[in-house]
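Report on one structure; see the data block that follows.
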Protein chains: 2
Amino acid sequence: MLISEFARKAGLPVDTIRFYIAKGLLKPDRALKGGSNPYQLFKPEDVTAARMIKLQQKLGYTLGEILALNEEYRAGEHSSERTIEVIQLQIERLQHRKEAMDAALAFLLGKLDWIRSGKPGPAPRLEDYER
Amino acid sequence: MLISEFARKAGLPVDTIRFYIAKGLLKPDRALKGGSNPYQLFKPEDVTAARMIKLQQKLGYTLGEILALNEEYRAGEHSSERTIEVIQLQIERLQHRKEAMDAALAFLLGKLDWIRSGKPGPAPRLEDYER
DNA sequence: TATAAGCGTGGAGTGCGCTCCATGGTCAAT
DNA sequence: ATTGACCATGGAGCGCACTCCACGCTTATA
């Protein structure tokens, strides 16, 4: 498929797609050579790849990190060992982030309780929830 | 305290502190007037405020959002009603983010299982984990 | 009093992640 | 053959969150 259809399916602006291609995050096929079709051609897997990038961004990765991660992933594509390591690394970082959020959540909920109960004793201290 | 001591206690570079002041996120006292001390003076609560900013950033808020949130918070400082609303809003957004992370985590763990078990059946699909 | 450390201001620069635009090539339909 | 939609490239610009620098003033210490 051509870039505009791909962009629609991926839910991203065309410019962003091109930006990702320039960064090496997406690698559409090229059909130039002879002189007929100088357009970039996208496969259905590329849509999945684009979705994956968006997901990874939501998880707090920069495009640079995503590129590195995905390249490592590709490098070990035929080694389950390596793939498992990469996935485990992602899971680990994700869990760290979740823990930070849990701490923040606990703090906010603690504060809510404190206010609701008429503020007895000292206010919950942020420091007590940080690790 | 003066800015450098404050920066040390807050765990942020002096330049960043000044940047936050310029943005209205921090409001140190001013002791100029007569002509003696033209320096910004920070109170211990300001350290807490700075930590709070860092926390909010970790939770994915932009400085603009943090400013708005904190101002609303201050505006309703003497209304428990309002304070509770603001905190609940933060909790809600936080839980949304957590859910997104849980979905990602489930996807990654699913993939791990699939690889470990010798890849029977189709690979876990990202779409099945998105909401 | 000289000097050095610290402070404030203004402005430029940086890296990231886009976003927009001008130019020009390609292609399908008329 | 012309039109119009789509494509590619290169480069400029933008908002965010800093970061760095030059300048000049203030204050503590020698």
Side-chain angles (χ1 to χ4, degrees), chain A residues 1-43 46-47 49-71 93 97, chain B residues 1-43 46-47 49-71 93 97:
Chain A
M1 72 191 97
L2 295 180
I3 199 168
S4 63
E5 183 187 350
F6 172 68
R8 197 171 31 70
K9 283 186 181 158
L12 291 171
V14 169
D15 275 342
T16 301
I17 303 293
R18 284 204 248 262
F19 178 72
Y20 288 171
I21 294 167
K23 287 256 152 178
L25 284 160
L26 291 172
K27 305 209 173 88
D29 290 342
R30 284 272 174 180
L32 18 85
K33 265 304 170 39
S36 56
N37 193 345
Y39 295 164
Q40 297 172 109
L41 299 174
F42 298 81
K43 300 182 290 293
D46 294 326
V47 176
R51 277 195 218 277
M52 196 66 204
I53 292 169
K54 290 215 294 181
L55 174 66
Q56 287 171 305
Q57 274 188 307
K58 272 191 205 151
L59 303 185
Y61 291 99
T62 65
L63 293 185
E65 288 169 333
I66 294 170
L67 179 62
L69 225 47
N70 293 0
E71 275 184 352
R93 292 204 206 168
R97 276 175 188 274
Chain B
M1 73 189 95
L2 294 181
I3 200 168
S4 63
E5 183 186 349
F6 172 69
R8 196 171 30 72
K9 282 185 181 157
L12 291 171
V14 168
D15 274 342
T16 301
I17 303 294
R18 285 204 249 261
F19 178 72
Y20 288 170
I21 293 166
K23 287 255 151 179
L25 285 160
L26 291 173
K27 303 208 175 88
D29 292 340
R30 284 272 175 181
L32 18 86
K33 265 302 169 43
S36 57
N37 193 346
Y39 295 164
Q40 298 172 110
L41 299 174
F42 298 81
K43 300 183 290 293
D46 294 326
V47 176
R51 277 196 219 276
M52 196 67 203
I53 292 169
K54 290 215 296 181
L55 174 66
Q56 288 171 304
Q57 274 188 307
K58 271 191 205 152
L59 303 184
Y61 292 99
T62 65
L63 293 185
E65 288 168 332
I66 293 169
L67 180 61
L69 224 49
N70 293 0
E71 275 183 351
R93 292 204 206 167
R97 276 175 187 274

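Quick note on labels: first sequence line is chain A, next is B, and so on, each numbered from 1. Any value given below was found using the heavy atoms of this structure, including those in side chains, with hydrogens, waters and symmetry copies removed.
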Going by the rule side chain to side chain donor-acceptor pair (under 3.5 Å), which residues pair with [X] if we only count those two or more places apart in sequence or in a different chain?
{"X": "A:K54", "answer": "none"}
{"X": "B:E5", "answer": "B:K9"}
{"X": "B:D46", "answer": "none"}
{"X": "B:Q57", "answer": "B:Y20"}

Give me, pair by pair, the N or O atoms of the protein and of nucleotides 13-17 of chain C that are less than 3.5 Å apart, along with how far apart they are.
unit_1	atom_1	unit_2	atom_2	d
C:dG17	OP1	A:L63	N	3.0
C:dG17	OP2	A:L63	N	3.4

Could I get a table of every N or O pair under 3.5 Å where one atom is in the protein and the other is in nucleotides 28-30 of chain C?
none

With a 4.5 Å limit on heavy-atom distance, are the side chains of [X] and [Y] in contact?
{"X": "B:L69", "Y": "B:I66", "answer": "no"}
{"X": "A:L67", "Y": "A:K23", "answer": "no"}
{"X": "A:K43", "Y": "A:D29", "answer": "yes"}

Looking at CZ of A:R8 and CD1 of A:I3, how far apart are the two atoms once the value is rounded to the nearest 0.5 Å?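 Separation between the atoms: 13.0 Å.
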If you measure from CD on B:E65 to CD on B:Q56, what distance do you get to the nearest 0.5 Å? 10.0 Å
State, to 0.1 Å, how close [X] and [Y] come at their nearest heavy-atom pair, and which atoms those are.
{"X": "B:V14", "Y": "B:S4", "value": "CG2-CA, 4.1 Å"}
{"X": "A:R30", "Y": "A:P38", "value": "NH1-O, 4.3 Å"}
{"X": "A:A10", "Y": "A:A50", "value": "CB-CB, 3.8 Å"}

Would you kindly give the [atom1]-to-[atom2] distance between [X] and [N], to the nearest whole Å?
{"X": "B:I21", "N": "C:dC7", "atom1": "CD1", "atom2": "P", "value": "11 Å"}
{"X": "B:L2", "N": "D:dT26", "atom1": "CG", "atom2": "C1'", "value": "11 Å"}
{"X": "A:I17", "N": "C:dT19", "atom1": "CD1", "atom2": "P", "value": "11 Å"}
{"X": "A:K54", "N": "C:dC18", "atom1": "NZ", "atom2": "C1'", "value": "14 Å"}

Any N/O pairs under 3.5 Å between the protein and nucleotides 20-25 of chain D? List them or say none.
none

With a cut-off of less than 4.0 Å, is there a side-chain N or O of [X] near OP1 or OP2 of [N]?
{"X": "B:T16", "N": "D:dA17", "value": "no"}
{"X": "A:R18", "N": "D:dA8", "value": "yes"}
{"X": "A:Q40", "N": "D:dA8", "value": "yes"}

What residues, two or more places apart in sequence or in another chain, satisfy ring-ring contact (aromatic ring centres under 6.0 Å, His included) together with B:F6? B:F42
Using the test side-chain contact (heavy atoms from CB on, under 4.5 Å), find all partners of A:R51 that sit at least two apart in sequence or belong to another chain. A:V47, B:L126, B:E127, B:E130
For B:K58, give me all partners under side-chain contact (heavy atoms from CB on, under 4.5 Å), at least two apart in sequence or on another chain.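 Partners of B:K58 by the side-chain contact (heavy atoms from CB on, under 4.5 Å) criterion come out as none, since no residue qualifies.
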Members of residues 3-12 of chain B that approach DNA chain C, where some heavy atom sits under 4.0 Å away: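 By residue number: B:I3, B:S4.
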Begin with the C-alpha distance, continue with both residues' side-chain angles, and end with the deciding distance and a verdict on side chain to side chain contact (heavy atoms under 4.5 Å, CB included) for B:L26 and B:I53. CA-CA 10 Å; B:L26 291 173; B:I53 292 169; 4.2 Å; yes
Using the 3.5 Å cut-off, write out each protein N or O paired with an N or O of nucleotides 28-30 of chain D and the distance between them.
none

